[in-house]
Amino acid sequence: MANQDLIILIVQIIAAIGVVISVVYLGLQIKQQNIITKAQFGHSLTQRLYDRYFQTSKDQEYAEFMSKDWNSDDLTPSESWRIQMAILTYLVDIFDVYDKVKAGLVDKSHLDTRMRTLKFGVMKTMNARLVWSGWKRNRSEEFVKWFEEEIYSNEDQN
């Protein structure tokens, strides 16, 4: 009887060690998958910027559009509309990146890069203010406060 109890105890110890090893292995797999997922999100965000920059360099019409004075009083209605759609594209990109940063899925540097671009003055134009006034209703109060602080906080100083 003692030998049988000893064998059962040894089997239980081996089973417990197996469970611990399985849990540790599963944890390592989840950690590795999280790293891969973050890298994929980061790559897709970088690819979006790269595509935008590349389009500007290869498409003369697009480059001319991007180099217009987006705050000019001489814009045609179609130019204003194109500008507003471009700004909306930037905002949707910011919304997506902000959410991914908050969720811990990408590094904050992706958000900082985009915000620096918008701080060059794009969001200070009348077209941008029109787009923002409509679209900010789709975002949380926390986001709106953060975004407006980032973009408009130094206006009185300029």
Side-chain angles (χ1 to χ4, degrees), residues 1-59 62-63 65-66 70 82-125 127-158:
M1 207 49 147
N3 282 343
Q4 190 177 16
D5 288 342
L6 181 61
I7 291 172
I8 291 172
L9 179 63
I10 291 171
V11 168
Q12 288 176 339
I13 290 171
I14 292 171
I17 290 171
V19 167
V20 169
I21 290 171
S22 295
V23 168
V24 168
Y25 177 76
L26 182 60
L28 291 172
Q29 289 296 100
I30 290 170
K31 182 179 179 180
Q32 183 178 21
Q33 187 58 46
N34 286 341
I35 291 169
I36 291 168
T37 300
K38 285 175 97 170
Q40 288 172 333
F41 277 132
H43 175 73
S44 70
L45 294 176
T46 301
Q47 187 66 39
R48 273 195 268 190
L49 282 183
Y50 170 78
D51 289 343
R52 194 177 306 152
Y53 298 152
F54 186 66
Q55 183 179 3
T56 303
S57 70
K58 73 176 184 138
D59 184 337
Y62 184 73
F65 164 69
M66 294 300 290
W70 286 17
R82 285 180 73 188
I83 288 168
Q84 289 175 18
M85 291 303 100
I87 291 166
L88 179 56
T89 301
Y90 304 154
L91 288 176
V92 169
D93 185 53
I94 291 289
F95 298 163
D96 183 39
V97 176
Y98 180 90
D99 292 343
K100 282 182 173 60
V101 168
K102 281 292 189 184
L105 296 174
V106 294
D107 187 74
K108 189 175 177 291
S109 64
H110 290 281
L111 184 60
D112 294 342
T113 298
R114 286 159 170 81
M115 290 304 289
R116 273 193 299 276
T117 301
L118 292 183
K119 288 178 186 182
F120 284 146
V122 169
M123 291 307 297
K124 311 266 171 115
T125 66
N127 281 307
R129 290 176 188 275
L130 287 170
V131 173
W132 174 241
S133 69
W135 276 84
K136 73 182 190 178
R137 296 182 198 135
N138 298 327
R139 297 302 300 185
S140 69
E141 189 175 316
E142 174 190 355
F143 177 88
V144 171
K145 182 178 179 186
W146 168 81
F147 184 83
E148 290 181 346
E149 177 72 22
E150 287 286 318
I151 297 296
Y152 302 117
S153 66
N154 294 326
E155 278 192 351
D156 294 334
Q157 299 167 359
N158 291 338

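None of the values given here were measured: they were computed from a predicted structure. Below, all heavy atoms of this structure are taken into account, side chains as well, without hydrogens, waters or symmetry copies.
- The shortest non-hydrogen separation linking N127 to W70 is ND2-O, 3.7 Å.
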| said: With side-chain contact (heavy atoms from CB on, under 4.5 Å) as the criterion, how do W132 and L91 come out once you've worked through the C-alpha distance, each side chain's angles and the decisive distance to 0.1 Å? | reply: CA-CA 8 Å; W132 174 241; L91 288 176; 4.1 Å; yes

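- Cation-pi geometry between R139 and F147 is not satisfied (NZ or CZ under 6.0 Å from the ring centre, within 45° of the ring normal).
- Residues passing the salt bridge (charged side-chain N to carboxylate O under 4.0 Å, His left out) test with D112 are K108, sequence neighbours excluded.
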| message | Let's go through E148 and K136 carefully: what are the C-alpha distance in whole Å and the side-chain angles of both, what is the deciding distance for side-chain contact (heavy atoms from CB on, under 4.5 Å) to 0.1 Å, and is it a yes or a no? | response | CA-CA 10 Å; E148 290 181 346; K136 73 182 190 178; 2.9 Å; yes

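- Shown here are the salt bridge (charged side-chain N to carboxylate O under 4.0 Å, His left out) partners of D59, two or more places apart in sequence or in another chain: there are none.
- Taken to the nearest 0.5 Å, the CD1 atom of I83 stands 9.5 Å off from the CE atom of M66.
- In this structure, the side chains of T125 and I87 come closer than 4.5 Å at one or more pairs of heavy atoms.
- Classified by interplanar angle (parallel below 30°, tilted 30° to 60°, perpendicular above 60°), the ring pair F95/F143 is perpendicular.
- Using a 4.5 Å cut-off on side-chain heavy atoms (C-beta onward), Y90 and R52 make contact.
- Counting only distance, with no hydrogens or angles, the side chain of K124 and the backbone of I151 share a donor-acceptor pair below 3.5 Å.
- R129 is listed as a side-chain neighbour of Y152, based on a closest heavy-atom distance under 4.5 Å.
- Taking OG of S44 as the start and NE2 of H110 as the end, the distance is 8.5 Å to the nearest 0.5 Å.
- Counting heavy atoms from C-beta on, the side chains of I21 and I17 come closer than 4.5 Å.
- Shown here are the side chain to side chain donor-acceptor pair (under 3.5 Å) partners of Q47, two or more places apart in sequence or in another chain: D51.
- The local environment of CD in E141 is sparse, with at most 12 non-hydrogen atoms from other residues, nucleotides or ligands closer than 6.0 Å.
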| task | Let me see the working for R114 and Y98 under side-chain contact (heavy atoms from CB on, under 4.5 Å), right down to the final yes or no. | result | CA-CA 10 Å; R114 286 159 170 81; Y98 180 90; over 6 Å; no

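- The two residues K100 and D96 make their nearest non-hydrogen contact at NZ-OD1, 2.6 Å.
- Between V101 and L111 the shortest heavy-atom distance is CG2-CB, 4.1 Å.
- Around NZ of K102, the count of heavy atoms belonging to other residues, nucleotides or ligands within 6.0 Å does not exceed 12.
- Between D107 atom CG and T113 atom OG1 the span is 9.0 Å, to the nearest 0.5 Å.
- To the nearest 0.5 Å, the span separating CG on L9 from CD1 on I14 amounts to 10.0 Å.
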| field | Stepwise side-chain contact (heavy atoms from CB on, under 4.5 Å) test for V24 and L28 | value | CA-CA 6 Å; V24 168; L28 291 172; 4.3 Å; yes

